[in-house]
Structure formats: structure tokens, C-alpha cells
Amino acid sequence: MAENMDMMIWSSLPVPAILIDADERIADLNPAGEGFLNNSAKWLQGQPVWDRLAVDAPLEESLKRAREHGTPLFVNDVDVGTGARPPLVCNLQIAPVMGRDGWMVMLISPRELAGRMTQSHSVKSAAKSAIGMAEMLAHEIKNPLAGITGAAQLLSMNLPQEDLELTDLIVAETRRIVKLLEQVEQFGNLSAPDRREVNIHDVLDRARRSALLGFGAHMKIIEDYDPSLPMAWGDPDQLLQVVLNLVKNASEAADSINGGTITLHTYYEHSFRLRRADGSGQTLPLQIEIIDDGPGLPEAIKGDIFDPFVSGKENGTGLGLALVSKIISDHDGWISVESVPGRTVFRMSLPRAPRAKKESN
Ligand SMILES: Nc1ncnc2c1ncn2[C@@H]1O[C@H](COP(=O)(O)OP(=O)(O)O)[C@@H](O)[C@H]1O
Ligand SMILES: [Mg+2]
């Protein structure tokens, strides 16, 4: 049973994987590896690995160290040739096989990045290109990650109970990265808003309830609504995402034990007009404020918080506010922030829904 599982995972790994024995000979390779080396495992088994694989990097020293210390080795952007075809730029991940002295498993991830990068055209802003780059990376990294997870699970099958912690760690951390990558990809997949009449208070309510059940359970959330607020013109799902991101940031800024207070404030301001660069103007009379009493924006990043990948948190992605700003601008709206310690206000200004034609009903 366990052996079948081994085989299954080994064969499913989407990246070339080679098992190397203590004498640096090929002990086995998976189907992707056979494809990469253009030869069958049967034929390759027992052959010195560095005869079949030309790696343009001084690997010996670091490989020896990895062997001795039982630590994994990551080598990025090396040319890997196979004799059968021109070298490819690859990332290598080499890990000791636990329970087999001196054995290593090597994953080879070819990078097709270079070709794709030259194709991207007319990138408008630095932010856009940073996001585009991240999307590509996200896409490229997900494959080898699947390989790493698979390899870790494979390794874990031969491990004594007390060492499982290590492979569990690999699997858990890999999952975390995959989640981050998915966030980056989600950013790229964002479609144009599907706009209709939206009751902003419904959106705020949904955000409040889901926050209190999860990431905002330690917070007090106060509703301070203008009941006569007219309908907004927006995409309810995207606006929910915006409010969730803002409430999440406020919850994360607050003391995790004592919590804090978030106020959801709405009001109408007829005179709020936005003049755009092209000279056109639009009124954005619906004001939605997310106010918290936390420590305020960190000085160092205050001016850049809406840029992608700007984060003041150790594990932050810096994508939350970038997404907020993109969605709001897709809605022809406006977002601003004022922050001092003890009071941070994110204010969105949105257009109201076009007045329903009275005569039609
Ligand atoms: N309500 C807030 N109070 C204090 N700092 C905030 C608040 N909202 C955002 N920030 C700061 O702005 C940074 C960027 O936020 P965001 O784009 O959502 O990325 P992330 O939350 O992943 O760090 C945060 O890391 C935090 O330092
Ligand atoms: Mg955030």
C-alpha cells in the first residue's frame, strides 16, 4: 500500500525529479525526469548523474555540505543541459533523503520566464508591471511548489514518527506560499466591475458579520449609518472585498488581546466632486468611512500604502490596499486616508446609482 502510494506520488510529480544515491549515481527518476533526460529510468539507473546532466554551476562543494549536514539546497537560474538538447535555465531543489545516508532527491524546475517577459507589451504603470511580474512568478512558482509538497509527502512515508514534524512543516509552509500566490493571481484575474444598484449598508453588514466570525473576533464593530443614504453604483462582490480588506487591516493593527474598535460610518456629501485629469468631473456623494482606534499607519510607509507589495507586517503581502485602490478606481471612485495614532480613517467616495426613471413604473 505505502509503496503504491510512493509510486503514485513519484509518478505524479509535475517536475523532473531524480533520486541520487550516495555515489552520485541515478537511483531512479520519475516520468517527468525521463522526459527531461529523454531516456528511460531503466536505462539511466546506475549512471553517474553528472554525466547525464550538465549543470553550469559549481555544485560539488554545496552538495557535499548539504549531504553532510542533511540540509536542503536550492540553486536558482542555472543552465542545465542534457546532451539531447540545448541547456535550459532551471531552478534546482535538492534535499537529502531521510533514512538513506547520502542519498539526495533533486527537483529540476525549468523556467520559461525569459521568453514570456519579452512579449509583455505597453505596461502602463510601475504598479501594473510589478503586479504582472508577480503574476508570472506566481504561475512559475506554483509548479515546483507542487513538486516540493509531493516530494515532502513522499519522504514522510519512510520517516519515523518523530521526524514527521519536518515534512509537515514543509507541506504547511508550502501551502502558505501557494495561498499567497493565489492572492497574487486573483489580483490579475480581477475583471471589470459588474455594476448595479448596491445598498452599501448591506455590503457593510456582510463584512461586519464575517469579520466578527473570523479575523475580527477580537474587535468591536460599531455601525454609524446614514439611513437615508441612496444606492451606490457598483459591483457588490468587489465592494465587499474592499470593505473586508479595510476591516481586516484595522483588526490586524489592533492589539490582538485587548482588541479595539472599528466604526463603519456612512454619510452623504453632495459637494464631493472629483475632477479628473481629462477635465471631466463627477460627483461622488456617497461617503463610507472605516475608522479604527489602533496605532495608525507606520511612518515609513505612510505615503506608499496603496502600492502593491508595501507592507508593514512581517507576514504581509502588501496586496490588500493595492486591490482596494484598483477596485475603487475601476468604480470611478476615490479613496483617501488620514491617520494619527489612535485614529485611522479610510474614506471611500462612490457615485450614486443613476436615478430610476420614474415614469417606467
Ligand atoms: N488600519 C490600519 N492601521 C494601521 N496600519 C495600517 C492600517 N491599514 C493598513 N495599514 C498598513 O498598511 C500596510 C499595507 O496594507 P495592505 O496593503 O493591506 O497589506 P498587508 O495587510 O498584507 O500588509 C499594512 O501592512 C499596514 O502596515
Ligand atoms: Mg491587508
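For reference, positions follow the sequence shown, starting with 1.
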Sidechain-backbone polar pair: Glu165 side chain, Gln161 backbone, donor-acceptor under 3.5 Å: no
Contact summary for Gly260 and Ala254, nearest pair of heavy atoms: N-CB, 4.2 Å
Worked verdict on His270 versus Phe272 for ring pair (Phe, Tyr, Trp, His ring centres under 6.0 Å): CA-CA 6 Å; His270 176 70; Phe272 193 105; over 10 Å; no
Derivation of the side chain to side chain donor-acceptor pair (under 3.5 Å) call for Gln241 and Asp237: CA-CA 6 Å; Gln241 186 67 59; Asp237 292 332; over 6 Å; no
Close side-chain approach of Trp103 to Leu19, heavy-atom, < 4.5 Å: yes
N-O pairing of Arg206 and Asp202 below 4.0 Å: no
Result of checking Ile26, Leu37, Ile20 against Leu53 for side-chain contact (heavy atoms from CB on, under 4.5 Å): Leu37
Hphob cluster co-occupancy, Ile9 + Leu159, side-chain heavy atoms under 4.5 angstrom: no
Side-chain donor or acceptor of Asn30 paired with backbone N/O of Val15 under 3.5 Å: yes
Residues, nucleotides or ligands: over 12 heavy atoms within 6.0 Å of Lys248 NZ: no
For Leu145 against Leu181, the heavy-atom pair lying closest together: CD1-CD1, 3.7 Å
Min side-chain heavy-atom separation Val80-Phe36 under 4.5 Å: yes
Side-chain touch Thr283/Arg352, heavy atoms, less than 4.5 angstrom: no
Side-chain heavy-atom pair Leu204, Tyr225 within 4.5 angstrom cut-off: yes
Residue pair Leu63 / Leu73, side-chain heavy-atom distance below 4.5 Å: yes
Residue pair Met348, Val242: steps toward the side chain to side chain contact (heavy atoms under 4.5 Å, CB included) verdict: CA-CA 10 Å; Met348 302 179 256; Val242 164; 3.5 Å; yes
Ser40-Glu34 side chain donor-acceptor pair, cut-off 3.5 Å: no
Separation between NE2 of His265 and CD1 of Ile290, rounded to the nearest 0.5 Å: 11.5 Å
salt_bridge(Glu24, Arg67) N-O dist < 4.0 Å: yes
Atom pair CG (Leu44) and CG (Asn39), whose distance is rounded to the nearest 0.5 Å: 4.5 Å
Enclosure of Glu182 CD (heavy-atom neighbours >12, cutoff 6.0 Å): yes
Separation between OG of Ser109 and CD1 of Ile148, rounded to the nearest 0.5 Å: 7.0 Å
Least distance between heavy atoms, Glu197 atom then Ala353 atom: CG-CB, 3.6 Å
Pairs touching residues 94-110 that satisfy salt bridge (Lys or Arg N to Asp or Glu O under 4.0 Å), sequence neighbours left out: none
Single-linkage hydrophobic cluster Met98~Leu164, side-chain heavy atoms < 4.5 angstrom: yes
From Asp255 atom CG to His218 atom NE2, the distance as rounded to the nearest 0.5 Å: 8.0 Å
Minimum heavy-atom distance Leu212-Met219, with the two atoms named: CD2-O, 3.5 Å
4.5 Å side-chain heavy-atom contact, Ile18 and Val105: no
Over 12 foreign heavy atoms within 6.0 Å of NZ, Lys220: no
Salt bridge present between Arg195 and Asp332 (N-O < 4.0 angstrom): yes
Gln238 side-chain N/O to Ser191 backbone N/O, donor-acceptor pair under 3.5 Å: yes
Glu299 bridged to Lys302 by N-O distance under 4.0 Å: yes
Same apolar cluster: Val78 and Ile108, side chain cutoff 4.5 Å: yes
Candidate pair Ser349 and Leu286, rule side chain to side chain contact (heavy atoms under 4.5 Å, CB included), full reasoning: CA-CA 5 Å; Ser349 308; Leu286 275 68; over 6 Å; no
Same apolar cluster: Phe306 and Val345, side chain cutoff 4.5 Å: no
ILVMFWY network linking Ile291 to Ile335, side-chain heavy atoms under 4.5 angstrom: no
Working for side chain to side chain contact (heavy atoms under 4.5 Å, CB included), residues Met5 and Met157: CA-CA 9 Å; Met5 260 315 247; Met157 288 170 192; 4.0 Å; yes
For Thr167 against Ser156, the heavy-atom pair lying closest together: OG1-CB, 3.3 Å
Side-chain donor/acceptor of Ser311 to backbone N/O of Lys313, under 3.5 Å: yes
Residues Arg65, Glu68: salt bridge by 4.0 Å N-O rule: no
Note, Leu264 side chain near Ile222 side chain (heavy atom, < 4.5 Å): no
Non-hydrogen side-chain atoms of His201 and Thr266 separated by less than 4.5 Å: yes
Whether Asn245 side chain and Gly320 backbone form a donor-acceptor pair below 3.5 Å: yes
Spacing of Leu239 atom CG and His331 atom NE2 [to the nearest 0.5 Å]: 4.0 Å
Gln287 side chain to Leu284 backbone, donor-acceptor under 3.5 Å: yes
Contact summary for Gly46 and Arg25, nearest pair of heavy atoms: O-NH1, 3.1 Å
Gap between atom CZ of Phe346 and atom OG of Ser339 - 0.5 Å precision: 7.0 Å
Worked check of side chain to side chain contact (heavy atoms under 4.5 Å, CB included) between Met231 and Ile200: CA-CA 7 Å; Met231 295 288 213; Ile200 283 295; over 6 Å; no
